[in-house]
Number of protein chains: 2
Amino acid sequence: MKNYISILKKSKLFAGVGDDEISSMLSCLGARLFTYKKGEYVFRQGEHINDIAVTLEGRLHVQKDDYWGNRSILAEITVGELFGEAYVSPEGSTLINDVVAIEDSAVIFFDVRRVITTCPSACRFHSIVVQNMFFAISEKNRKLVQKIVHISKRTTREKLISYLSEEAKSQNSASFTIPFNRQQLADFLSVDRSAMSNELCKMRDDGLIEFKKNSFKLLQ
Amino acid sequence: MKNYISILKKSKLFAGVGDDEISSMLSCLGARLFTYKKGEYVFRQGEHINDIAVTLEGRLHVQKDDYWGNRSILAEITVGELFGEAYVSPEGSTLINDVVAIEDSAVIFFDVRRVITTCPSACRFHSIVVQNMFFAISEKNRKLVQKIVHISKRTTREKLISYLSEEAKSQNSASFTIPFNRQQLADFLSVDRSAMSNELCKMRDDGLIEFKKNSFKLLQ
DNA sequence: CACTTTCTGTTGTAAAAACAACCGATTTGT
DNA sequence: ACAAATCGGTTGTTTTTACAACAGAAAGTG
């Protein structure tokens with residue numbers, strides 16, 4: 001556990017909290033650590049959860065497979081990111097998607113009730129954690145809206161332009177890499193892979209973009 | 001202002017807080033009331049906001065129009081619902097969509113900084129409000145994911161089935177009404193109105209559904 | 001290194017959607 | 001009540017997508 005404190009310190013949940021405080025909060029928040037091999041499920045659709053989680057190692061995908069096997073990737077979760085917080089509710093709603101490790105990963109879980117109910121006597125940093133959690137879910141909300149903006153576009157080309165433009169913007173450069181391979185990008189944008197691959201090549205032929213593997217460059 | 005307390009009491013933000021406490025918190029939270037005529041903008045894309053808001057009367061749409069005039073409706077906000085909370089962030093992000101009154105509406109604004117920083121001396125109900133806000137944004141998050149599930153479907157028919165099934169489920173009946181007219185439903189599902197209208201009629205002819213205006217019934 | 005698996009691009013076909021244009025019904029405003 | 005505006009359905013055409021099948025490139029494995 002010890003060696004993960006530095007990662008937690010940089011995580012969104014514990015931003016602004018010192019090493020010692022984090023250590024002392026871990027038991028207070030009911031922290032438990034688990035590891036997952038690539039391909040293993042962290043959460044499954046329909047489960048009822050009482051935990052929020054932070055990725056300490058690896059990478060996860062929030063995804064949903066429908067009855068016919070079409071996969072939709074809702075979000076990617078990297079090291080230090082929070083997840084599960086959207087299922088905190090008084091009614092106790094169940095998960096509507098899976099969370100899967102796409103690399104070997106380590107995840108730490110916290111009892112959500114202990115997180116949101118700030119014990120009056122307890123650690124003075126607790127309220128910072130609550131605020132952090134709030135910022136995190138707020139940010140996730142914006143990301144979901146941004147994703148909706150992409151997939152709301154009518155054609156594959158428009159979806160790609162919308163997504164790639166945003167990546168360029170957030171990485172502050174016309175040259176950037178994306179965290180998806182082709183199949184994953186297609187699943188993220190909700191289009192057919194081969195059709196998307198085809199469209200990417202047409203866009204390259206039209207002089208709009210250059211790419212090689214997951215490195216892209218927007219032209220003009 | 002007085003007559004709105006009963007509405008606020010039923011709102012998600014003040015759930016579990018008594019009338020008197022709400023009254024006394026209003027000034028503490030920097031409450032301000034505004035009214036909007038149908039069609040007027042409450043928030044505009046690009047604005048920087050420091051408030052969260054609760055609808056007291058009427059109905060709003062969170063929507064986005066792209067460069068070519070295609071409108072995407074991201075969410076509908078009814079009386080008692082909270083909005084703006086997704087733009088609470090340490091970095092102070094700007095709005096990426098518009099919020100428009102689709103009926104004559106009344107909205108109350110609260111200074112978000114005063115909401116999330118619980119003054120040590122202050123009202124004991126403040127922490128309830130913070131938790132409520134958390135639940136509210138958490139629920140909104142789930143709604144966004146649900147919307148993504150709908151529009152990730154490949155065909156218009158699948159999108160319609162996905163959406164209508166969920167409405168039936170959440171209204172606990174195979175017969176239900178939806179809060180959209182045809183154009184709005186098309187904008188919500190990111191499809192062309194006429195194509196959608198066409199598909200709805202085909203589904204009716206196939207014996208899947210019945211409908212009249214915004215009343216629907218799922219068959220079988 | 002050979003072998004397997006995964007990834008990416010390519011092509012053709014069938015299905016579906018977008019788009020445009022139109023009309024009748026309904027609703028709204030005065 | 002009447003004119004104007006909005007709404008919902010219909011049709012035909014064009015564009016786009018999904019789907020399937022395949023092949024070369026790249027990456028992983030023993």
Does K147(A) make a cation-pi contact with F188(A) (under 6.0 Å, within 45 degrees of the axis)?
yes

Does [N] have its OP1 or OP2 closer than 4.0 Å to a side-chain nitrogen or oxygen of [X]?
{"X": "N198(B)", "N": "dG9(D)", "result": "no"}
{"X": "T155(B)", "N": "dA16(C)", "result": "no"}
{"X": "K202(B)", "N": "dA16(C)", "result": "no"}
{"X": "S197(A)", "N": "dT8(C)", "result": "no"}
{"X": "R154(A)", "N": "dT16(D)", "result": "no"}

Provide, to the nearest angstrom, the distance between the [atom1] atom belonging to [X] and the [atom2] atom belonging to [N].
{"X": "M203(B)", "N": "dG9(D)", "atom1": "CE", "atom2": "P", "value": "13 Å"}
{"X": "K212(B)", "N": "dG9(D)", "atom1": "NZ", "atom2": "C1'", "value": "16 Å"}
{"X": "L160(B)", "N": "dG9(D)", "atom1": "CG", "atom2": "P", "value": "12 Å"}
{"X": "E158(B)", "N": "dC19(D)", "atom1": "CD", "atom2": "C1'", "value": "13 Å"}
{"X": "I178(A)", "N": "dC7(C)", "atom1": "CD1", "atom2": "C1'", "value": "13 Å"}
{"X": "R182(B)", "N": "dT27(C)", "atom1": "CZ", "atom2": "C1'", "value": "15 Å"}
{"X": "N214(B)", "N": "dT26(C)", "atom1": "CG", "atom2": "P", "value": "15 Å"}
{"X": "K153(A)", "N": "dC19(C)", "atom1": "NZ", "atom2": "P", "value": "13 Å"}

Would you indicate what D192(A) reaches in the nucleic acid, counting non-hydrogen atoms under 4.0 angstrom: base, sugar-phosphate, or nothing?
base

Name the residue closer to the 5' end of DNA chain D, choosing between S194(A) and K38(B) according to the nucleotide with the nearest heavy atom.
K38(B)

Residue mapping more 5' on DNA chain D - nearest nucleotide basis, R157(A) or K213(A)
R157(A)

If you take all heavy atoms of F211(A) and R182(A), which pair is closest and at what distance?
CD1-NH2, 3.2 Å

K202(B): what forms a side chain to side chain contact (heavy atoms under 4.5 Å, CB included) with it, not counting sequence neighbours?
R157(B), N198(B), E199(B)

Nearest-nucleotide wise, let me know which of R193(B) and M196(B) is further upstream toward the 5' end of DNA chain C.
M196(B)

Side chain of R32(B), backbone of G30(B): donor and acceptor closer than 3.5 Å?
yes

Pick from E166(B), E76(B), E81(B): which one makes a salt bridge (Lys or Arg N to Asp or Glu O under 4.0 Å) with K143(B)?
E81(B)

